[in-house]
Amino acid sequence: MSDVLVERGPEGTVAVGAIDRMLNLCREHSLWYLLFGTACCAIELMQTGGPRTDADRFGMVFRSTPRQADVMILAGTISYKMASRIRRLYDQMADYKYVISMGSCANTGGLFKDSYAVVQGGDLIVPVDVYLPGCPPRPESLLEGLMLIQQKIEREPWLSRVRGKIPPPKDPWPEGSRCP
Amino acid sequence: MNPTEIQERLGQRLGASLECGGAGADAFVIVPAERWLEAARALREGEGLDFDYLRSLTAVDRPAEGKIDVAAHLFSYKRRHALTLKTRLDRAAPRIASLGAVWPAAHWHERELWEMFGVAIENHPDLRHLLLPEDWPGHPLRKDYAMPERYQGIPTRRPAPLAEPAAGTGPTNTGPKNPPEAP
Ligand code: SF4
């Protein structure tokens, strides 16, 4: 039990490391993603849930409501009209949530660079954890992205995060600048 | 009916000589803006014309001439012929009648025309932005459109990741070059 962390609380000393591991194990193997796509990358997102790649075997199943989802996959071109909707979905997801930016469009605007209609990167509206290159990324690549999220969760000091010892990721689009 | 006959018949119905051109599927007729709706109705209901399908309704911005050209691409399923109905509007205050009473499909096209080119549509039942956000400033398909720096706090530009940084500001690339340098 070398990885047991000790935290001092008001009631005494608690070992948190192993509990962290246990909780993280549960979380990373029930990574539910939000079923939503904004453009052509969503086709590959559907493939990832299909029988060939079969994300289900890792416990990744899609949810049709943000309230039950852990991961948001930005699958496709994000238009400015969609930006506030995406942000609302993100805000509706329960903490702790993760975001994958899938494809060139969601990473940087891709081939819609300098367009009047397309957000130049999903990380301008929500905090992004994993970027996947490609136009579109193959299902294998998306699966790898999801597994990177699993690895990230595995290393996370979960209890410290729950107790607010670790600050949440920086919000690129804070509330004040958004339209009410 | 061939394009010349269509153009002639429309001219007869409107009782005016119209500016025509093009051939085959590209044939067009230019009508004055104030007769836009009348011309559309004549094409839809005219004897032997029967344009029952509005394929698209769009515009071209011509700042050098101070005009915005509006074009409606029409087709007749009944007679299997096509025509483009055009008009020229003043760029400073473009204004046109809605074709929704003739082809209901025009409503959405007109919403786009309005948000993209700033063409005011008369008698439109529901003039809202179609593709752009409700509070988007300006008309993006005008040639002189200037993109705002930010939209609701989101920067609208992103520096290219591969652009060479100004001398002395970024890391120096010591790796292989693409394309390779001459030996
Ligand atoms: S990255 Fe390519 S495939 Fe994905 S949304 Fe953009 S254009 Fe479509």
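For clarity, every value in this text was computed on a predicted model and none was experimentally measured. Every chain is numbered from 1, with letters handed out A, B, ... down the list of sequences.
Only the side chain of A:Val119 comes within less than 4.5 Å of a heavy atom of chain B; its backbone N, CA, C and O stay farther away. Of the two parts of A:Arg87, neither the backbone nor the side chain holds a non-hydrogen atom closer than 4.5 Å to a non-hydrogen atom of chain B. Proximity to chain A is limited to the backbone of B:Leu131, based on heavy atoms less than 4.5 angstrom apart. Heavy atoms closer than 4.5 Å to chain B are found nowhere in A:Ser84, neither backbone nor side chain. With a 4.5 Å cut-off on non-hydrogen atoms, A:Asp123 touches chain B through its side chain but not through its backbone.
In this structure, the ring of A:Tyr98 has its center no less than 6.0 angstrom from the ring center of A:Tyr96.
Ring pair B:Tyr151/B:Trp136 is tilted by interplanar angle, where 30° to 60° counts as tilted.
The minimum heavy-atom distance linking B:His129 with B:Arg111 is given by the pair O-NH2, 3.2 Å. Scanning all heavy atoms of the two residues, the minimum distance from B:His73 to B:Thr58 falls at NE2-CG2, 4.2 Å.
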Does the pair B:Arg79 and B:Asp50 meet the rule for a salt bridge (Lys or Arg N to Asp or Glu O under 4.0 Å), with working shown?
-> CA-CA 7 Å; B:Arg79 313 260 170 203; B:Asp50 294 311; 2.8 Å; yes
